[in-house]
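Report on the following structure.
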Amino acid sequence: MKKYNHRQIEKKWQKEWQKKKLNQVNQRSRKKKCYCLVEFPYPSGEGLHVGHIRSYTAMDVVARKRRAEGYEVLYPMGWDAFGLPTENYAIKTGRPPALITRQNINRYRKQLQSLGFSFDWSREINTSDPNYYHWTQWMFLQFFKAGLACKAKMPINWCPQDKIGLANEEVVDGKCERCGGPVETREKKQWLLRITKYADRLDRDLDLVDYPEPIKIQQRNWIGKSNGVLIKFGSIEIFTTRPETIFGTTFIARHGNTDRFTGEYVVNPANQEKIPIWEAVYVMKNVGTGAIMGVPAHDERDLEFARKHNLPIKEAAKAITEFVGGKMTTKYKLRDWIFSRQRYWGEPIPLVWCERCQKWQPVPEKDLPVKLPPVKKYQPTDTGESPLAAIESWVSTKCPKCGGPARRETDTMPNWAGSSWYYLAYLGAKNLKRKTKNRLNFHSLIPNSQRWLPVDWYNGGLEHTTLHLLYSRFWHKALYDLKLAPGKEPYGKRTSHGLILASGGEKMSKSRGNVVNPDEIVKRFGADTLRVYEMFMGPFDQAISWHEDGLIGARRFLERVYKLGLKVKSQKANIKVANQKLKLLLNQTVQKVGEDIEQMKFNTAISALMILSNNFEKEPAVAISDLKVFLKLLSPFAPHLAEEVWRGLGEKLSIHLAPWPRKRQVKIVKVKIVIQINGQTRDVLETAPGLEAEALKLAALGRPKIQLWIKDRPIRRLVTVPDRLINIVL
RNA sequence: GGGCGAGUGGCGGAAUUGGUAUACGCGUACGCCUCAGAAGCGUAUGGGCUUUGCCCUUGAGAGUUCAAAUCUCUCCUCGCCCACCA
């Protein structure tokens with residue numbers, strides 16, 4: 001075969017790797033472990049997004065490097081399969097969500113497999129599988145029993161025309177996305193998970209993990225810890241972080257729908273002054289105590305409010321020496337996690353309401369999972385309950401405690417539930433499939449968790465920083481307190497990828513019609529080209545636009561590598577030792593690629609590989625061992641092509657079983673020293689390294705170009721940087 | 001309103017973290033190859049000029065320094081996330 005035929009090559013090696021089970025992890029291995037995790041996709045109808053590929057390729061590169069470094073690597077994949085779009089599609093088409101989900105998953109799996117990711121497919125999980133949500137429900141019950149779940153009235157978006165509750169996403173500019181009518185706020189009793197109980201630990205334990213600083217900051221801001229003081233103004237207790245400004249208080253305000261004076265007054269405990277009580281829109285109900293002391297002299301919003309309503313604005317108050325009846329306290333902005341949805345396509349909440357006991361009773365563990373019953377209509381009911389409420393035979397049940405008549409909870413869980421513990425589920429993926437699973441307890445379901453947790457490296461999207469990532473940390477901590485999971489934190493290291501935008505710089509979306517289909521690219525250019533392009537296109541953590549032109553560059557690079565393989569294979573003389581320059585470059589590349597992968601600077605890693613292959617091309621002959629080092633460095637990025645060329649050189653074992661190249665010390669024989677005059681580069685000197693400052697000075701001054709610049713002006717100063725630079729200041 | 005980022009050729013982007021600005025790739029031009037095209041290969045490619053060489057150039061302006069894309073300050077523009085954070 002003389003031409004780089006990506007279709008044939010990629011299919012061949014994918015089959016071979018699968019047959020040899022190259023990517024299956026041995027959980028009991030004695031080797032050092034490395035758990036690499038990427039956010040599992042929601043199997044939507046649109047198919048795999050090129051953004052998924054960016055994240056998955058990056059971690060695939062890391063996983064492959066770790067294997068080559070001798071680690072036992074777990075790199076799993078699964079499906080975050082519950083969710084609103086599938087349900088809405090079911091409503092539209094009348095087809096069961098489970099069926100739609102199965103079809104979407106099959107498509108996603110095929111797409112992911114076509115890209116040659118080294119996932120351990122024997123551990124595939126699916127959050128909508130009853131074997132999976134069995135345990136999501138089980139964990140919810142543990143939280144319920146531990147007092148972490150409670151029901152409370154919460155506002156929801158309500159469309160009076162369609163008579164359904166709406167997700168935030170379905171409300172566009174205050175209007176219902178379906179009918180365009182106005183959306184109201186309604187109070188509804190919802191299940192809450194008490195994440196606020198963990199606010200302090202979620203904040204504090206960020207010190208224990210290796211997350212990028214902006215992510216830590218964003219989580220801290222979201223949790224919103226603030227130390228302040230509770231002060232009573234008569235019957236109203238306010239929260240302030242600035243107690244010293246109390247003398248400047250000219251009014252008290254609590255949350256209201258409009259700005260209005262209540263007609264009531266209280267006394268300022270600091271100076272016994274009588275001040276009015278107002279209701280104000282700008283005061284937030286959920287922050288602090290929901291009431292503030294208005295200090296226009298110190299707070300701009302207070303000032304604005306006071307101006308608008310002609311309230312007195314005092315000049316700067318004296319510092320308070322001792323405030324009256326105050327109490328030091330800590331408040332958080334974080335709110336409890338609303339855990340119910342009035343929807344069909346989610347995990348049923350495994351509780352029943354018993355009339356006789358007048359209590360919510362947990363479904364006994366032996367009766368788990370509470371399976372989603374088949375329904376005819378997926379529409380929410382007119383009353384805003386989930387479609388499950390319409391199935392009387394399912395709702396009506398017996399109280400597990402007293403045997404009396406009882407009714408099932410018809411709310412389901414949010415999609416964040418299943419994804420909160422999936423890193424654990426991968427460890428027990430094989431057990432989840434077993435028929436005997438009901439006899440397992442949680443500890444034997446998730447084997448070796450002590451050894452395999454925390455996740456060593458978790459890559460995902462920035463948009464999940466304050467939702468999934470925080471929920472999952474909370475879930476883990478709750479499990480930890482119940483002695484169900486090891487360690488305080490689930491994820492040791494977190495990184496994030498930048499968004500891939502369409503070529504115009506806009507978001508890719510179906511409605512804009514600018515979505516790039518990876519299938520076509522794999523077909524036309526090959527999986528390796530797509531992988532290399534996505535790693536080369538720009539800095540990994542930054543948003544970047546898609547440019548089809550760049551694919552051509554990646555493809556050309558791989559074609560040249562292919563040709564290089566043919567050239568080396570057919571060359572007559574077997575070169576054993578490369579020339580000095582090449583040897584140095586080879587070792588620099590080993591170092592550069594290794595370091596760049598660790599820092600996720602994939603674009604410069606590929607660039608270094610291109611420079612090396614360009615240099616190989618210029619040589620009349622290349623040592624086979626040198627080319628093999630290059631191929632090994634390339635193999636995490638372009639696993640199929642690297643394998644093909646590697647085997648073509650006579651190797652019997654897969655390149656992916658070969659060890660990562662070691663750096664060798666190579667003596668540097670020549671350095672370029674920049675000669676500057678007044679900070680401007682005027683000449684470059686090539687010399688042996690280790691030149692002393694005095695010798696360098698003489699060499700520099702001896703250069704004719706430099707002579708011309710200096711003429712007879714006196715040298716005021718000399719600055720030298722060894723083996724790098726000399727600056728002559730005139 | 002708050003927070004986090006980012007502004008470098010025609011384009012995507014490099015820059016040893018203060019030490020040759022524009023690596024690598026795309027595009028473009030010319031040449032080779034070819035009956036011809038495509039592909040491939042080679043050379044060139046920030047701008048300007050009075051072109052052995054010189055001057056300018058990292059959003060704008062100032063500052064620190066022998067030396068600034070990099071550090072400091074002021075301003076401008078763009079992206080993302082959150083929200084009336086007491």
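Every value quoted in this text rests on a predicted model; they were computed, and no experiment measured them. Just so it is clear: chains get the letters A, B, ... in the order the sequence lines come, proteins before strands, and each one is counted from 1.
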For A/W416, does its backbone N or O pair with a side-chain atom of A/S419 as donor and acceptor, under 3.5 Å?
yes
Does A/R724 have a side-chain nitrogen or oxygen under 4.0 Å from the phosphate oxygens OP1 or OP2 of B/G19?
no
Secondary structure of RNA chain B in dot-bracket form (Watson-Crick or G-U wobble, distances below 3.5 Å, | marking inter-strand pairs):
(((((((..(((......[....)))((((((.......))))))((((...))))..(((((..]....))))))))))))....
Return whichever of A/S545 or A/K672 has its heavy-atom-nearest nucleotide of RNA chain B closer to the 5' end.
A/S545
What's the separation between atom CD1 in A/I544 and atom CD1 in A/I500, rounded to the nearest 0.5 Å?
8.0 Å
Do other residues, nucleotides or ligands put more than 12 heavy atoms under 6.0 Å from A/E692 CD?
no
Mutual orientation of the aromatic rings belonging to A/Y458 and A/H468 [parallel < 30°, tilted 30-60°, perpendicular > 60°]:
perpendicular
So, is A/W546 close to the B/C26 phosphate, meaning a side-chain N or O under 4.0 Å from OP1 or OP2?
no
Does A/R560 put a side-chain nitrogen or oxygen below 4.0 Å from OP1 or OP2 of B/A39?
no
Would you say A/R555 places a side-chain N or O within less than 4.0 Å of OP1 or OP2 belonging to B/G25?
no
Which comes earlier along RNA chain B counting from the 5' end, the contact point of A/F536 or that of A/T466, where each point is its nearest nucleotide?
A/F536
For the C1' atoms, the ones on B/C26 and on B/U52, what distance do you get once it is rounded to whole angstrom?
35 Å
Are A/K601 and B/A15 close enough that a side-chain N or O sits under 4.0 Å from OP1 or OP2?
yes
Looking only at atom P, what distance separates B/A83 and B/U65, rounded to whole Å?
46 Å
Is A/R717 close enough to B/A67 that one of its side-chain N or O atoms is under 4.0 Å from OP1 or OP2 there?
no
Counting just side-chain N and O atoms, does A/N603 come under 4.0 Å of either OP1 or OP2 of B/A14?
yes
So does A/R204 have more than 12 non-hydrogen atoms from other groups sitting under 6.0 Å from CZ?
yes
Inspect the contact between A/R524 and A/E548 and indicate whether a charged nitrogen and a carboxylate oxygen are less than 4.0 angstrom apart.
yes
Starting at atom CD1 of A/I611, determine the distance to atom P of B/A14, rounded to an integer number of angstrom.
13 Å
Base, sugar-phosphate, or nothing for A/R716, non-hydrogen atoms under 4.0 angstrom?
nothing
Here the distance between atom P of B/C24 and atom CG of A/D596, to the nearest Å, is 16 Å
Closest non-hydrogen contact found for A/L558 with A/A638 is CD2-CB, 4.0 Å
